[in-house]
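Both ligands and their constituent atoms are indexed starting at 1 by order of listing. Predicted model only: the values in this text are computed from it and were never measured. Nothing fancy with the numbering, it's 1 onward along the sequence.
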Amino acid sequence: MGSKLFTAVFLGIVSFASAALPPYIKVCKSSEANLASCIIDSVNLLRPKLKEGIPELNVPPIEPLPLDEVKLRSGPSNAKINANITNIKVWGPSTFEILELKPNLPKAKFAFKVRIPSLHFEGDYDIDMKILVLEYKGVGPITGNFTNYSFDCILKGNRIQKDGEEYLKFDKMRLRLNIGHSRITLGNLFRDDPIIGRATNDVINDNTDLFINEIKPVLENSLAEKFTDIANKITLKFTYKELFP
Ligand SMILES: *[C@@H]1O[C@H](CO)[C@@H](O)[C@H](O)[C@H]1NC(C)=O
Ligand SMILES: *[C@@H]1O[C@H](CO)[C@@H](O)[C@H](O)[C@H]1NC(C)=O
Ligand SMILES: *[C@@H]1O[C@H](CO)[C@@H](O)[C@H](O)[C@H]1NC(C)=O
């Protein structure tokens with residue numbers, strides 16, 4: 001490494017470590033009269049950065065948000081469906097609206113309700129199903145739109161010591177998904193018989209809530225992990241005093 005580059009990198013690290021907070025992090029005084037609305041403002045200010053990612057904090061972009069594989073192992077009573085959905089990417093998470101926030105700073109506990117007006121997802125499916133007399137096995141693309149989904153979340157942190165300083169570290173977020181409206185399309189279904197393909201998609205869409213209920217735990221777990229990780233990447237980078245002076 002050239003000495004010039006080394007110096008630049010070194011200075012960069014030093015100035016970052018001792019620098020004030022970056023401009024996209026708006027602090028909320030713990031004595032703030034309306035702490036909830038202050039935190040909501042901070043999160044809103046952070047939104048464009050969350051959307052594109054914050055490389056200097058190692059925070060990946062949330063648009064599109066990659067999700068863990070979903071395995072569906074049953075289905076409604078008159079259908080047997082085994083499916084694996086992989087390579088899932090979700091667009092729209094950054095358009096969340098915080099409907100309600102109840103901060104409890106002494107306990108480092110934040111309860112909030114978030115609504116996402118519209119989500120679009122794409123992935124690949126591998127399905128083996130039997131619906132009434134229809135049997136089908138195949139692979140193809142899956143796409144879908146979720147509208148008006150909301151989430152009840154609880155983020156509970158602990159103040160921890162690191163290098164003689166106090167930081168806030170969150171436990172895994174508790175997240176409950178309230179299902180809104182969903183529309184799902186499996187491409188390539190019954191390739192030789194598009195009419196049955198469309199009919200099957202109609203059956204699936206008449207029963208989306210049943211399918212979504214099956215994938216709900218996976219979705220909740222995966223979203224809780226992603227968002228806890230993002231929150232911790234931010235709070236473990238700045239001391240508690242810096243974030244809540
Ligand atoms: C899904 O993945 C499992 C392995 O995890 C595999 O056994 C199965 O054949 C795959 N496909 C379907 C449709 O379940
Ligand atoms: C999702 O919405 C887009 C427009 O926002 C539309 O083009 C697409 O067909 C919809 N997909 C499904 C599966 O409903
Ligand atoms: C969204 O869902 C809530 C209930 O969770 C309902 O009160 C509201 O009317 C819905 N909004 C739309 C646009 O469907």
Tell me yes or no: between the side chains of Asn201 and Thr185, is some donor less than 3.5 Å from an acceptor? no

Testing the 3.5 Å rule here: is there a donor-acceptor pair between the side chains of Ser182 and Tyr149? yes

Counting only N and O atoms by type, is there a donor-acceptor contact under 3.5 Å from the side chain of Thr208 to the main-chain atoms of Ile204? no

With hydrogens left out, which residues have an atom under 4.0 Å from ligand 1, given that only heavy atoms count? Lys71, Arg73, Asn82, Asn84, Asp126, Ile127, Asp128

Pairing donors with acceptors under 3.5 angstrom, does anything connect the side chains of Asp124 and Asn87? yes

Listed by chain and number, what are the ring-ring contact (aromatic ring centres under 6.0 Å, His included) partners of Phe110, not counting sequence neighbours? none

Any nitrogen or oxygen of Asn148 lying under 3.5 Å from a nitrogen or oxygen in ligand 3? Just yes or no. yes

Distance under 6.0 Å and angle within 45° of ring axis: Arg183 vs Phe146: no

